[in-house]
Number of protein chains: 2
Amino acid sequence: MAEVAARAGVSTMTVSRALKSDGLVSQETRQRILDVVDELGYVLDLSAGALSSKRTGFVAALVPSINNSNFSDTVRGITESVEVHGLQVLLGYTDYDIEKEERLVRAMLSRRPDGMIVTGGRHTEKARRMLASAGIPVVETWDLPSEPIDNVVGFSNAEAARALVHRLYEKGYRRIAFVGGTTNRDTRGADRGCGYQRAVEELGLPAGRTISFGKPPISMEQGAQAIVHLVERWPDVDAAVCVSDLSAFGAIMECHRRGWAVPGRIAIAGFGDFEISHCSWPRITTVAVDCRAIGAEAGRVVLRAIESARGARSSGSERIVVPFQVIERDST
Amino acid sequence: MAEVAARAGVSTMTVSRALKSDGLVSQETRQRILDVVDELGYVLDLSAGALSSKRTGFVAALVPSINNSNFSDTVRGITESVEVHGLQVLLGYTDYDIEKEERLVRAMLSRRPDGMIVTGGRHTEKARRMLASAGIPVVETWDLPSEPIDNVVGFSNAEAARALVHRLYEKGYRRIAFVGGTTNRDTRGADRGCGYQRAVEELGLPAGRTISFGKPPISMEQGAQAIVHLVERWPDVDAAVCVSDLSAFGAIMECHRRGWAVPGRIAIAGFGDFEISHCSWPRITTVAVDCRAIGAEAGRVVLRAIESARGARSSGSERIVVPFQVIERDST
DNA sequence: CTGTTAGCGCGTTCAA
DNA sequence: TTGAACGCGCTAACAG
């Protein structure tokens with residue numbers, strides 16, 4: 001920057017101002033500086049700027065997995081909403097593991113992000129403490145924690161699953177099961193299982209028909225295996241709610257292979273409204289959430305908090321509940 | 001850090017040393033410092049450390065899309081291989097757009113990453129120049145550019161598609177078509193189209209049977225639409241090579257809906273060995289590449305270059321060709 | 001509109 | 001094994 005300044009015949013401060021859009025610099029001076037910048041191929045060093053200005057321009061975002069279009073849509077939403085304000089997303093994935101999340105929280109915090117977006121309301125005690133005392137706005141997404149750290153943008157996975165079971169009941173299904181992963185890791189999956197449980201209990205249906213299979217992310221393959229176990233264990237089952245569309249798809253394919261009509265022999269529903277749920281045959285009944293909007297809202301909330309608080313968190317935390325929608329298709 | 005030092009009765013330099021694993025500090029001093037660190041909830045500021053040490057500990061990685069399990073597997077591979085060396089991945093996605101890639105390259109470079117991994121060999125002239133003159137190791141992946149910027153870890157998409165067409169020929173198919181996106185954006189998709197073209201020409205088959213449909217990422221929906229156009233335009237077609245498994249799946253589902261037997265009426269192959277290709281029915285013939293290994297290798301290469309060169313790029317560039325494999329399944 | 005001074009929070013380098 | 005001085009490259013704050 002000193003070299004640019006020298007060649008343009010100004011001080012480094014003027015170069016610094018010319019390089020920010022809001023810098024108060026005369027048009028001609030700025031143009032002269034930009035020409036030199038271009039000529040020299042100079043690239044501003046933001047890490048030095050961050051040290052000086054105490055703003056890194058980073059928003060850390062933690063999701064369970066990037067190989068899941070629900071979460072990658074949320075990341076897109078976050079990115080789109082913050083990048084227009086000049087912020088850069090620092091992405092991490094936890095593999096559905098809150099221990100790994102804790103390590104990532106620490107790693108992210110040492111980069112001094114201006115704000116942080118995490119998935120879900122369940123964290124290790126240490127992670128909670130670090131987030132709460134980091135002095136930056138925090139947004140928890142994809143969940144509705146009863147004791148939020150700060151801001152929340154999410155929905156109740158339990159309520160969504162419950163609504164789905166009720167819809168199946170209305171369609172006449174009476175022996176409804178749930179297929180999910182081992183529940184101590186994927187808390188959103190576990191919440192859906194709880195919602196299923198509550199629904200069958202309040203409807204007076206046989207309860208506890210839950211197949212847990214493998215650790216998350218539950219795959220198509222696992223859905224296929226689970227549906228077989230399910231039918232073996234409770235042969236009278238007439239409907240299965242799967243923790244995600246991917247496992248639902250795997251289950252449906254396995255049913256085809258075995259000549260079990262879907263939904264004739266057994267109805268199968270998913271969760272997430274992945275592309276496959278409306279492209280496969282039969283099209284899959286599911287619960288849709290606007291994943292991108294979750295991200296966009298989370299980005300907006302964190303931006304607002306960064307702008308208003310600048311460390312003091314004065315503006316009060318937001319709690320935004322996004323809607324979900326049961327979408328009935330051919331598989332039920 | 002000053003406060004930690006004061007409380008531990010040492011200088012900040014000793015705290016700094018205690019916080020790196022390789023710092024030469026006595027056991028008791030270190031333990032005393034770590035206790036204070038824990039008590040205070042102190043988190044090291046890496047951005048300040050980066051300024052001082054001239055190493056940010058970032059590896060920038062640019063992929064076309066995170067909502068594609070091929071690329072997110074590559075990102076996993078990169079992350080796993082560099083994080084054990086204490087480096088942090090700074091991820092960006094280009095949406096298959098080299099103009100956006102150029103903007104991202106600039107943005108990443110202003111964070112002063114220690115190395116950079118990009119997808120593909122095609123970039124804007126400016127992006128190439130920035131990457132070449134950044135003074136950091138660069139790895140191009142998922143492609144085999146004829147004029148690489150620096151290091152390469154990839155394979156020939158054209159050769160892979162060509163091999164697939166040859167395999168279809170051996171199975172007896174003679175009127176083979178290609179289904180892809182509009183080709184000026186997804187260069188790997190375009191390369192696959194070129195490989196198809198070369199194969200049908202050298203086999204003396206009717207050539208130029210290419211349906212381009214929509215801009216990438218090509219979706220299941222687009223595959224469904226494309227297959228209809230294809231059959232309308234060339235009713236005698238007996239096989240279709242799709243640019244990815246997702247479009248192949250969409251095409252197969254559409255064939256089912258219309259009562260066109262796959263592979264009886266038309267054989268359909270994909271690319272990428274996505275989970276859906278072996279979970280759907282019929283299982284989809286495809287080309288498999290070890291996406292995670294591409295990422296792991298790219299990470300290894302960039303690490304080696306960071307270690308050996310420290311800016312001088314003295315160690316020579318690597319060019320690693322990863323294998324691909326045609327996997328024949330039920331859809332052909 | 002522009003320049004000067006000071007310092008962000010660390011690690012490097014040297015000396016003890 | 002530890003500490004002191006210094007500076008990384010930039011921007012805040014103030015003065016002009």
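In this text the structure is predicted, and so the values were computed from the model without any measurement. Each chain gets a letter, A, B and so on, in the order its sequence line appears, and its residues count up from 1.
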Practice task
Quick one: list whatever passes ring-ring contact (aromatic ring centres under 6.0 Å, His included) with F58(B), sequence neighbours left out.
Solution key: F58(A)

Handout entry: With sequence neighbours excluded, residues passing ring-ring contact (aromatic ring centres under 6.0 Å, His included) with F155(B)
Key = W142(B)

Completion exercise
Sorted by position of nearest nucleotide on DNA chain D, 5' first, the leading residue of R32(B) and L51(B) is R32(B)

Problem - Phosphate OP1/OP2 of dG3(C): any T14(A) side-chain N/O under 4.0 Å - result: yes

Handout entry: Euclidean distance, atom CD of residue E3(B) to atom P of dC8(C) [Å, nearest integer]
Key = 15 Å

Fill in the blank from the handout: Atom CG of L24(A) and atom C1' of dG3(C) are separated, to the nearest Å, by 14 Å

Exercise for the section: Mind checking L46(B) for me? I need base, sugar-phosphate or nothing, with any heavy atom below 4.0 Å counting as a touch. Expected result: nothing

Practice task
For T29(A), report the nucleic acid contact type (base, sugar-phosphate, nothing); a contact means any heavy atom under 4.0 Å.
Solution key: sugar-phosphate

Practice task
Would you list the pairs meeting ring pair (Phe, Tyr, Trp, His ring centres under 6.0 Å) in which at least one residue belongs to residues 107-127 of chain B, sequence neighbours left out?
Solution key: none

Practice task
For residues 81-103 of chain A, pull every pair meeting ring pair (Phe, Tyr, Trp, His ring centres under 6.0 Å), keeping only residues two or more places apart or in separate chains.
Solution key: none

Problem - Partners meeting side chain to side chain donor-acceptor pair (under 3.5 Å) with D191(A) (sequence neighbours left out) - result: none

Exercise for the section: For D45(A), enumerate each residue passing the side chain to side chain donor-acceptor pair (under 3.5 Å) test, keeping only those at least two apart in sequence or located in another chain. Expected result: S47(A)

Just the table, please: protein N/O against nucleotides 12-16 of chain C N/O, every pair under 3.5 Å.
none

Handout entry: Contacts of type salt bridge (charged side-chain N to carboxylate O under 4.0 Å, His left out), residue D95(B), not counting sequence neighbours
Key = R76(A), K100(B)

Fill in the blank from the handout: Paired with R32(B), the side-chain contact (heavy atoms from CB on, under 4.5 Å) test is passed by just one of V25(B), T14(B), V10(B), namely V10(B)

Handout entry: Segment of DNA chain D, first to last nucleotide, that comes within the 4.0 Å heavy-atom reach of chain B
Key = dT1(D) to dG9(D)

